[in-house]
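Step one of this worksheet: look at the structure below.
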Amino acid sequence: MTDAQRALAGLAAAIAARDAQALEDAVDRVGASAAAAAVEEVLLQSYLFVGFPVALEAVRVWRERSGTDAPTPAPEDPAVWPERGRAVCATVYGGQYDRLRANVARLHPSYERWMLEEGYGKVLGRSELDLRTRELCIVAQLAALGVPTQLYSHLRGALHTGASPADVAAALAEAAKVTTRDRMEEAMAVWTAVQTRSQSGSA
């Protein structure tokens, strides 16, 4: 990982940690390391995982401490979101893509549609930040949140999008700076399970 990617992952983790000082420190660090456009994307995608209230607070801290004004929104065509979402989701989930869709649809069909159209199509499919960096930031965020099932999927997703095991370990190290020991022990156990499966050749 580059210094900028580490700082972006650190920001994602700090948002999830909901620690005011950790967030301020992460904002200051990322402002000195990463392009503002990349920071904006990590802030935007965070609402998918931490919700609007927490994500909006992170954006407020970024605006105040960086002095960066809100960007001018680029034109968007919602008609492209479904197809783009399916393509991005398939990249992240690989051979488990069809199973994922079926499992989520069983929970609620609206969640399956929203996952593809909003999560992967509208947000994670945006071209302003590469998918590998997005997935590494998601890994750091989910580790800090303590949600092992989703973390498992996105650890594999990071590998599917071109991250190396060293990249993933670096993202997890960023989460370790801001979350609890118990959550990190859980996250590292999940990472071990993912590596074992990857080494066995499972999809």
Side-chain angles (χ1 to χ4, degrees), residues 1-2 5 8-9 12-13 15-16 37-38 40-52 55 74-145 147-172 174-175 187 190-203:
M1 290 177 78
T2 65
Q5 288 171 325
L8 291 168
I15 293 169
E40 298 284 346
E41 289 302 309
V42 173
L43 291 165
L44 282 177
Q45 75 178 39
S46 291
Y47 90 88
L48 294 172
F49 307 98
V50 301
F52 269 112
E76 295 187 74
D77 179 7
V80 308
W81 295 344
E83 181 178 354
R84 187 168 76 184
R86 289 189 290 270
V88 173
C89 189
T91 298
V92 170
Y93 280 86
Q96 295 298 311
Y97 169 67
D98 290 332
R99 182 179 178 185
L100 166 77
R101 291 190 61 178
N103 287 343
V104 175
R106 275 194 292 271
L107 294 174
H108 200 295
S110 290
Y111 272 146
E112 191 235 357
R113 179 168 58 84
W114 295 347
M115 174 185 71
L116 294 173
E117 294 183 10
E118 180 170 1
Y120 287 95
K122 184 178 79 173
V123 181
L124 300 179
R126 289 164 58 92
S127 62
E128 288 84 352
L129 187 64
D130 65 280
L131 188 56
R132 171 174 165 267
T133 300
R134 288 187 186 278
E135 282 295 306
L136 289 168
C137 289
I138 293 167
V139 161
Q141 196 155 64
L142 295 178
L145 277 173
V147 283
T149 300
Q150 287 73 31
L151 175 61
Y152 184 96
S153 296
H154 285 279
L155 285 165
R156 296 182 66 220
L159 298 175
H160 288 157
T161 56
S164 69
D167 292 331
V168 174
L172 290 170
E174 292 299 323
V190 175
W191 175 223
T192 297
V194 169
Q195 291 180 94
T196 299
R197 179 168 181 168
S198 178
Q199 291 163 4
S200 73
S202 299

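Computed from a prediction, not measured in an experiment: that's the story for all the values here.
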If the condition is side-chain hydrogen bond (donor to acceptor under 3.5 Å, both in side chains), which residues does Tyr97 pass it with, not counting sequence neighbours?
Arg101
Value for OH (Tyr120) from CZ (Arg134), rounded to nearest 0.5 Å, stands at 12.0 Å
Under the salt bridge (Lys or Arg N to Asp or Glu O under 4.0 Å) definition, can you give me all pairs with a residue in residues 80-90, not counting sequence neighbours?
none
Interatomic spacing from CD1 in Ile138 to CG in Leu48 - rounded to 0.5 Å
7.5 Å
Heavy-atom nearest pair, Ala16 first then Val50, reads CA-CG1, 4.0 Å
Is the closest side-chain heavy-atom distance between Leu142 and Leu145 below 4.5 Å?
yes
Within a strict 4.5 Å, meaning less than it, do heavy atoms of the Gln5 and Arg132 side chains meet?
yes
In chain order, what residues pass the side-chain hydrogen bond (donor to acceptor under 3.5 Å, both in side chains) check against Glu40, with sequence neighbours excluded?
Trp62, Arg63
Please report the interatomic distance CH2(Trp191) to OG1(Thr196), rounded to the nearest 0.5 Å.
10.0 Å
Would you give the length of the straight line joining atom CE of Met115 to atom CG of Leu100, rounded to the nearest 0.5 angstrom?
4.0 Å
Nearest 0.5 Å, what's the CG-CG distance between Leu155 and Leu172?
6.0 Å
With the side chain counted from C-beta on, respond yes when Leu44 and Arg126 share a heavy-atom pair under 4.5 Å apart, and no when they do not.
yes
According to salt bridge (Lys or Arg N to Asp or Glu O under 4.0 Å), does anything in residues 102-111 pair up with another residue at least two apart or in another chain? List the pairs.
none
All heavy atoms of Ala13 vs all of Ala140, minimum pair found to be CB-O, 3.8 Å
Could you check whether any side-chain heavy atom of Val147 comes within less than 4.5 Å of a side-chain heavy atom of Phe49, counting everything from C-beta outward?
no
Is it true that a side-chain atom of Ser198 and a backbone atom of Val194 form a donor plus acceptor pair closer than 3.5 Å?
no
Would you name the heavy atoms of Ala171 and Leu136 that are closest together and state the gap between them?
CB-O, 3.6 Å
What pair of heavy atoms forms the shortest contact from Ala158 to Val168, and how long is it?
CB-CG2, 4.0 Å
Contact check, side chains of Glu76 and Trp81, non-hydrogen atoms, under 4.5 Å:
yes
Euclidean distance, Gln96 CD relative to His160 NE2, rounded to 0.5 Å:
8.0 Å
Got a sec, which residues hit side-chain hydrogen bond (donor to acceptor under 3.5 Å, both in side chains) with Glu135, two or more places apart in sequence or on another chain?
His154
What pairs with Ser46 under side-chain hydrogen bond (donor to acceptor under 3.5 Å, both in side chains), at least two apart in sequence or on another chain?
Gln141
Nearest heavy-atom pair of Cys137 and Ala12: which atoms, and what distance?
O-CB, 3.4 Å
